[in-house]
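A note on names: the letters A, B, ... follow the listed sequences, proteins ahead of strands, and every chain is numbered from 1.
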Amino acid sequence: MSRYNPRDAEPKWQSIWADQGVDCAPREASDSPKYYVLEMFPYPSGKIHVGHSRNYAMGDVVARYKRARGFDVLHPMGWDAFGLPAENAARERNVHPRDWTLKNIDVMRGQLQRLGLALDWDREIATCEPDYYRHQQAIFLKFFEKGLVERRQAKVNWDPVDNTVLANEQVIDGRGWRSGALVVQRELDQWFLKITDYSDALLDGLDRLDRWPDKVRLMQANWIGRSRGAHVTFPFADTEDKIRFGCDGITVFTTRPDTLFGASFLALASDHAITTALADDNPLVERFARDCQASGRTEEEIEKAPKKGVDLGVKVLHPFDKDWEIPVWSANFVLSTYGTGAVFGSPAGDQRDLDFARKYSLPVTPVVLPPDTDAASHTITNDAYTGAGTIYNSRFLDGLSTEDAIERAIDELEKRKLGEGATTYRLRDWLVSRQRYWGCPIPVVHCKSCGVVPVPEDQLPVELPADVTFDKSGNPLDRHDSWRNVDCPKCGGAAKRETDTLDTFVCSSWYFLRFTSPWPNDKPFDAAEAQRWMPVDQYVGGIEHAILHLLYARFFTRALHDCGLIDMPDGEPFAGLFTQGMVTHETYKSEAGKWLAPTEIDERDGKTFEIETGKPVTVGAIEKMSKSKKNVVDLDDFIDTYGADAARWFVLSDSPPERDVEYTDGGVDGVWRFVQRLWSLVDDFTGQSDADLSGVSAAGLDLRKAAHRSIRDVTDAIEGFRFNSAVAKVHDLVNSLRKFTARNDADIAAHGEALEILAQLIAPFMPHLAEACWERLGQDGILATTAWPEADPALLVDDTVTMPVQVNGKRRGQIEIAKGTDKDAAEKAALADPGVARSLEGLNVRKVIVVPDRIVNIVAG
RNA sequence: GCGGACGUGGCGGAAUUGGUAUACGCAACAGACUUAAAAUCUGUCGCCCGUAAGGGAUUGAGGGUUCAAGUCCCUCCGUCCGCACCA
């Protein structure tokens, strides 16, 4: 018996696959159905660790399985290569961002290749290359033409550590998604993509994504945040105000026009136009507005601030009663960015309004009567009633349900021309400009006489200048005069290039389209090829992109369709999405409080200590593998020791793919043992597997059944994305094989058949070992081009079944009977079982339930 | 606060439409081989009572539907995640 040595075997098979080009997607369409499987492409940050490999291992199982099932498979890989870490590296290590990035790509490509992933490397792309981003610039200009790009001044999120603005989606709990710095608000001129033009389409499209996790769909729906209600205008009481503010009244957005008769005040955002206008001559208002000004303050502080406001001294009239005057306040809890930046306060039905009304002694009139209460006893003290009920204290709305009253109030508002049904969204336009060097240049120039002028398409790409330095803070493009100063493409006069670059999420919003045809120089992708391969049938990635990347990409395909670049009326780029769990590992901290890598510690006598110093180590929480906590296992180290197959098998074992899996040395040892055990099963087999199968012994037949059941079970598990179950089922087959002893020649053939099936079933998971087994079994050709095995239906059914027999729901025995035995016979057999008979002593059988081939339950008493 | 998911042995977890709960793996224990250890192999292995045969309780807690509930319904507890002054 020889040991299986992945160090020799894995490179051997990898070069055979590469020589035969088995992993390349067919360039020509065939009669076979297509299958596009894609893992979210990585940022080339340095090295891959075992944690990263789980994502690719899952995609590869699907790719290899689908290929064996006869699909034309597209499984490409590339690099999300623009981004800030490259600039930080430039600053810290005096290396050019491009050199740093390309070096990392080389290292990581080598690692992915060592994993033996069935990737079509002919289609590799890196977003930092001009031959990629030139097309992105062309797309940007197409969007510009189509009115999907806007440059405007807006209050934006400024990350003071990364020195750039961020999109709303990139601010998590008031902090920058990458730097973790508290984000501040600043008023700046910025570039936006009008994703809000697609709010409805993006929301409604979610319903059709039935192969997406509900969780992700829900998160996107919440993020888009469509809410239906009404715009209501409260006319100014004083006609002079109409002149002063240049409008007839103040328009608010509300989802509850049914509570209009509970209105006790209007509240405006501190930077609402009217607040700002009044601040000019009212020092109190001015001071209040200044206090609230978000600039220089963090989102976190804004959220935690207690409610406060200032009476603006302005009065408006109730839309349904011109004799009812309502005071107008400015309040710090009103968001200027949502709705109209103004609300009407109906304190009985809204907790914020109630808090505000109590603080400033404003009237509180309950207008919604909760079910099963009466008007006389229902009062509001410190808790608003926000639920549904019957409207009262509300004149013509009295007696209506909440729902009906909303309709009725909107009808009435429309009649009086003081309002109309309206829908607002939480989604904001996508801020795409970044004040960074290492990104795709925005292809416009600023001309004093012509304004913003797009760079003509024949002058693309606008390439990043290579000669930049990072010794000063800020964007080096701003300081690069020879690059910056250009002639205006329109008038020929002196102009300046835009120095902002595009958010890297723009690069990842269409890369999956470029993969379908990464060759043309004159267009982003070949429309026919995109048509052929899209949508991505199975996308695999982390849940952290539930909103960001996945929402942007869905917007992009829609916008590209509307610009005529692709024909995708459905607009959905990813038909199936799977969000995989992370690989976790214990964390270690030295006595000095520094994070330690698993390779820097050792364990003896149940104590953990630092190898270098011998000092004790604190074992911390089990967390997602990450460089920052150093709890990573290097992929090269792992492959050197155990091989790529072991890594792949390990990350897919035990835990369901959507859940986290914990990396433990014990688990890895188990995988190593399993690999060797499996190999020796094959290596020890000396028989002929193509002998005649007729005449197998009972044990041989059992083995054949076990093997064919494995085909069925592993197939079902892969189809259902239950890789851990597939692994368990393969274990079952291995255990059956280990117990098996052949009794005659036919048994030997059955043994060989089971081993062949085993090799085929592990091929998507451990492709190198599978090929080695296949070769050792004397098979022709390679598994990479071999069809998936088919289970023989005759071997999936048993002649006899074991039926448990319950008495009053408790299992008391079991009977072996022929499959398909009718109810009467099964009942008779069940009652004859000695265990059953014993537990029925002294009882009368009242009823017998027989589920044929399943179970017998005897009710007795 | 709002919304969602989940809760099964020492651990990770399995269980078609409700039909033998604890598959598979890890850890643990015992034995074989060995001068010894490692590796490997064999066996045991959720809990309680019992030498055993066997019996009892059991899928976070409590209740319900059913011949039958991990699975369906209600209440509660806990953990995790998302959103968070969104009018």
[atom1] spacing across the pair [N] / [M], given as an integer number of angstrom:
| N | M | atom1 | answer |
| --- | --- | --- | --- |
| B:rU16 | B:rA23 | P | 15 Å |
| B:rA38 | B:rA27 | P | 14 Å |
| B:rA30 | B:rC81 | P | 40 Å |

Length of the line joining [X]:[atom1] and [N]:[atom2], which is rounded to integer Å:
| X | N | atom1 | atom2 | answer |
| --- | --- | --- | --- | --- |
| A:Arg709 | B:rC24 | CZ | P | 13 Å |
| A:Leu840 | B:rC67 | CG | C1' | 14 Å |
| A:Ile543 | B:rC81 | CD1 | C1' | 9 Å |
| A:Leu427 | B:rC83 | CG | C1' | 14 Å |

Base, sugar-phosphate alone, or nothing: which one does A:Arg812 contact when heavy atoms must sit under 4.0 Å apart?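 Answer is sugar-phosphate: A:Arg812 comes under 4.0 Å of backbone atoms only.
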
Salt-bridge criterion met for A:Arg217 and A:Asp214 (N-O under 4.0 Å):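 Judged by the 4.0 Å cut-off on N to carboxylate O distance, A:Arg217 and A:Asp214 do form a salt bridge.
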
Could you tell me whether A:Arg256 and A:Asp350 make a salt bridge, using a distance below 4.0 angstrom between a side-chain N and a carboxylate O?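 A:Asp350 and A:Arg256: not salt-bridged.
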
Closest to the A:Arg659 side chain: B:rU20, B:rG13, B:rG25?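 Taking heavy atoms from C-beta onward, the closest nucleotide is B:rG13.
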
Just jot down the side-chain hydrogen bond (donor to acceptor under 3.5 Å, both in side chains) partners of A:Glu407, sequence neighbours excluded, or say none.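 With neighbours one apart ignored, the set is empty.
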
I'd like to know if the side chain of A:Asn631 reaches the main chain of A:Glu623, judged simply by a donor and an acceptor atom lying under 3.5 Å from each other, with no hydrogens or angles considered.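 Answer holds: yes.
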
Between the base of B:rC85 and the side chain of A:Lys307, is there a donor and acceptor pair under 3.5 angstrom?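 When only heavy-atom distances are counted, A:Lys307 does reach the base of B:rC85 through a donor-acceptor pair under 3.5 Å.
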
